[in-house]
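What follows is a set of notes on a single structure, which appears directly below.
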Amino acid sequence: MSVKLYNTLTRKKETFIPIEEGKVKMYVCGPTVYNYIHIGNARPAIVFDTVRRHLQYRGYDVMYVSNFTDVDDKLIRAANELGEEVPAVAERFIEAYFEDTEALGCQRADVHPRVTENIELIVAFISELVNKGFAYESGGDVYYRTRKFDGYGKLSHQSIDELKVGARIGAGEKKDDALDFVLWKAAKEGEISWSSPWGEGRPGWHIECSAMARKYLGDSIDIHAGGQDLAFPHHENEIAQSEALTEKPFARYWLHNGYINIDNEKMSKSLGNFVLVHDIIKEVDPQVLRFFMLSVHYRNPVNYNRELLDSAAASLDRLKIAYDNVKHRKASSTDLTENNDQWLEKIEAHHTRFLQEMDDDFNTANAISVLFDLSKDANVYLLEDHTATAVLDAFLSKFEDMFFVLGLQVKQEELLDEDIDALIQERNEARKNRDFARADSIRDQLKDMNIILEDTAQGIRWRRG
RNA sequence: GGUGGUAUAGCCAAGCGGUAAGGCGCAGGUCUGCAAAACCUUUAUCCUCGGUUCAAUUCCGAGUACCACCUCCA
């Protein structure tokens, strides 16, 4: 079984064949760290983390690199507004990025390179492009000579002449051609800068990814990913830079995730409808946000609002409760029942289908539906008078595997405070004495403490609401 | 002007040439002291109009609506 993925470059779903067998070199464009990440930043983080997890589950050794843009116009502006230095602002929001994405279940990249730690590398990259005639200096800036690169537009499938129609040409441009883009920006008075053959300045936006991807992953990489909006011009420019320099294909597969809308409107500053992960996870379990994102295919648009998130929370709960239902039953399970094999086969079939769905361009929406099927089967199985430990274990282990691939966690076992435990005992006594008024009152009391009790044939159990 | 996306039940969302997965919600039922959890049942003229086909939600054409990229943006 092989993984298939939709390649923006070819506009086709292709069988994934890595450059080096068993290994995946993957680069995901990371954020500019001038603020907390919003849910639009969270989508690629979650989606491509899931891609990575699945490839790993499929046995690939994945080298995952994701950058931080820690110097650029937005950062300089933010620093000025905050009255702080650029590095301090960047550092703070990098920390925040790690906090937020970790909460969302994203594994850290193998390397998180930063622009400011790779200036020399970037300068060397630009110099080579200048030497090869693909770049030129102009008034302290360095520009990429876009028309010189034959394949320009191959990712976004635009012809270079049509691009020109839409391109805006700002006043006072130092470019030879409107399509040229900046590789090195001359520093303005007081701006953070580094020295270079062209004077004090800093890297342009696109060059960092070309340089850093090459440094950590080599001239040619397997998967390059990011948000849909990055396809043009960012990724297009990366291709131009990298391939002009190395004369090798930069990335084999280009993956782009779709947008997020808020209440069917584009998230934008002017509308004031930015939703920061930092804020939302104070109110909602971060896993719910992850689950919500994964419940839609990664290339399709996602509409966001609180109601939809609450609905996702209810869905996730069903899955987690099903898992708990199975776990709870283990204490009273036996070694043998009649239909073990039949159930084990069913469970295995679900797992197989889950992987097939993931193999098919990471169809997490369908993969999640398999999880619901597994839950249904688990609950149906628990209807039987006797359950086998082997079957319960199989349910649990497959649940855990699938949850792991999706980056979700099944509920952790927790201990209750003694006084809560005492309340449960007291209610138990009350029930035995058929003092239901007292029993119900205790149950309500616990509910106010966010603890939901369930009386089952196998005894009382509780969970957090 | 160029490029692309989306339109499927109250809501979310897969699918895709043979007559619609899954979830949330709603309603009814079973179980329960009552609940909870769970199970069962119910819930869709697949945007419109043409065309191709034995057969189209699925392909083609023309529309309509919404969205995005072509400028910083996930």
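Below, chain A is the first sequence line, B the second, and so on; all start at residue 1.
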Query raised in the report: Taking C-beta and beyond as the side chain, do A:D421 and A:L423 meet within less than 4.5 Å on heavy atoms?
Result: no
Requested in this report: Taking atom C1' in both B:C59 and B:U71, compute the distance separating them and give it to the nearest angstrom.
Outcome: 37 Å
Query raised in the report: Within less than 4.0 Å of OP1 or OP2 of B:A21, is there a side-chain N or O belonging to A:K376?
Result: no
Report task. Would you mind pulling out the nucleotide paired to B:C11, Watson-Crick or G-U wobble, both distances under 3.5 Å? Result -> B:G23
Requested in this report: Specify the residue among A:A42 and A:N379 whose closest nucleotide of RNA chain B lies further upstream toward the 5′ end.
Outcome: A:N379
Query raised in the report: Can A:R299 and A:D361 be counted as an ion pair, charged N to O under 4.0 angstrom?
Result: yes
Query raised in the report: Considering only heavy atoms and no angle criterion, is a donor-acceptor pair shorter than 3.5 Å present between the side chain of A:R443 and the base of B:A35?
Result: yes
Requested in this report: Rounded to whole angstrom, note down the P distance from B:U57 over to B:G28.
Outcome: 35 Å
Report task. For A:L453, answer base if it contacts any base atom (sugar-phosphate contacts may also be present), sugar-phosphate if it contacts only those atoms, and nothing otherwise; contact means non-hydrogen atoms under 4.0 Å. Result -> base
Report task. Would you classify A:R11 as touching base, sugar-phosphate or nothing, given that sugar-phosphate means primed atoms plus P, OP1 and OP2, and contacts are heavy atoms under 4.0 Å? Result -> sugar-phosphate
Query raised in the report: Is a donor-acceptor contact shorter than 3.5 angstrom present between the side chain of A:R318 and the base of B:G23?
Result: no
Report task. Determine if A:F436 stacks with B:G33; use a centre-to-centre distance below 5.5 Å and an interplanar angle below 30° as the criteria. Result -> yes
Requested in this report: Grab the CG-P distance between A:L382 and B:A38 for me, whole Å please.
Outcome: 11 Å
Report task. With C1' as the reference atom in both, quote the distance from B:A9 to B:A13 in angstrom, rounded to an integer. Result -> 11 Å
**Report entry** Side chain A:D310 and base B:C24 donor-acceptor under 3.5 Å
**Finding:** no
Query raised in the report: Does NZ or CZ of A:R43 fall inside the cone over A:Y298's six-membered ring, less than 6.0 Å from its centre and within 45° of the axis?
Result: no
Requested in this report: Nearest whole angstrom, please: distance from the C1' of B:A21 to the CG of A:D360.
Outcome: 14 Å
Requested in this report: Using a 4.0 Å heavy-atom cut-off across all strands, classify A:Y259 as base, sugar-phosphate, or nothing.
Outcome: base
Query raised in the report: Would you say a side-chain N or O of A:N300 is under 4.0 Å from OP1 or OP2 of B:A14?
Result: yes
Report task. May I ask you to say what A:R427 touches in the nucleic acid, namely base, sugar-phosphate or nothing, with a heavy-atom cut-off under 4.0 Å? Result -> base
Query raised in the report: Could you state the CG-P distance from A:N325 to B:A38, rounded to the nearest angstrom?
Result: 6 Å
Report task. Take atom CG of A:L179 and atom P of B:C69, then tell me their distance rounded to the nearest Å. Result -> 19 Å
Query - Pairing nucleotide - B:C31, Watson-Crick or G-U, each distance under 3.5 Å - result: none
Query raised in the report: Within the pair A:N261 and B:C66, is there a side-chain N or O less than 4.0 Å away from OP1 or OP2?
Result: no
Query raised in the report: What is the nucleic acid contact for A:G227, judged by heavy atoms within less than 4.0 Å: base, sugar-phosphate only, or nothing?
Result: sugar-phosphate
Query raised in the report: To the nearest Å, how far apart are A:Y34 OH and B:C72 C1'?
Result: 8 Å
**Report entry** Pairing partner of B:A68 (Watson-Crick or G-U wobble, both distances under 3.5 Å)
**Finding:** B:U3
Query raised in the report: How would you label the contact of A:I260 with the nucleic acid (heavy atoms, under 4.0 Å): base, sugar-phosphate, or nothing?
Result: base
Query raised in the report: With respect to A:N325, which candidate in A:R461, A:Q458, A:E454 satisfies the side-chain hydrogen bond (donor to acceptor under 3.5 Å, both in side chains) definition?
Result: A:R461
Query raised in the report: For A:I460 and A:N428, which heavy atoms make the closest approach, and how far apart are they?
Result: CD1-OD1, 3.2 Å
Report task. Please state how far atom CD in A:E454 lies from atom P in B:U32, giving the value in whole angstrom units. Result -> 16 Å
**Report entry** Side-chain N or O of A:N366 closer than 4.0 Å to phosphate OP1/OP2 of B:A14
**Finding:** no
Report task. Please give the nucleotide sitting opposite B:G17 as a Watson-Crick or G-U wobble pair, both distances under 3.5 Å, or none. Result -> none
**Report entry** Within 45° cone of A:Y34 ring axis and under 6.0 Å: A:R77 NZ or CZ
**Finding:** no
**Report entry** A:E357 CD - B:A21 P separation (whole Å)
**Finding:** 14 Å
Report summary line: In whole angstroms, the gap separating P of B:C70 from CZ of A:F181 amounts to 15 Å
Report task. Name the orientation class of the two ring planes belonging to A:W254 and A:H235 (parallel below 30°, tilted from 30 to 60°, perpendicular beyond 60°). Result -> tilted
Query raised in the report: Using purine N1 to pyrimidine N3 plus N6-O4 or O6-N4 for Watson-Crick, or N1-O2 and O6-N3 for G-U wobble, each under 3.5 Å, what pairs with B:C59?
Result: B:G51
Report task. Remember a base hit wins even if backbone is also touched, and classify A:H234 as base, sugar-phosphate or nothing at under 4.0 Å, heavy atoms. Result -> nothing
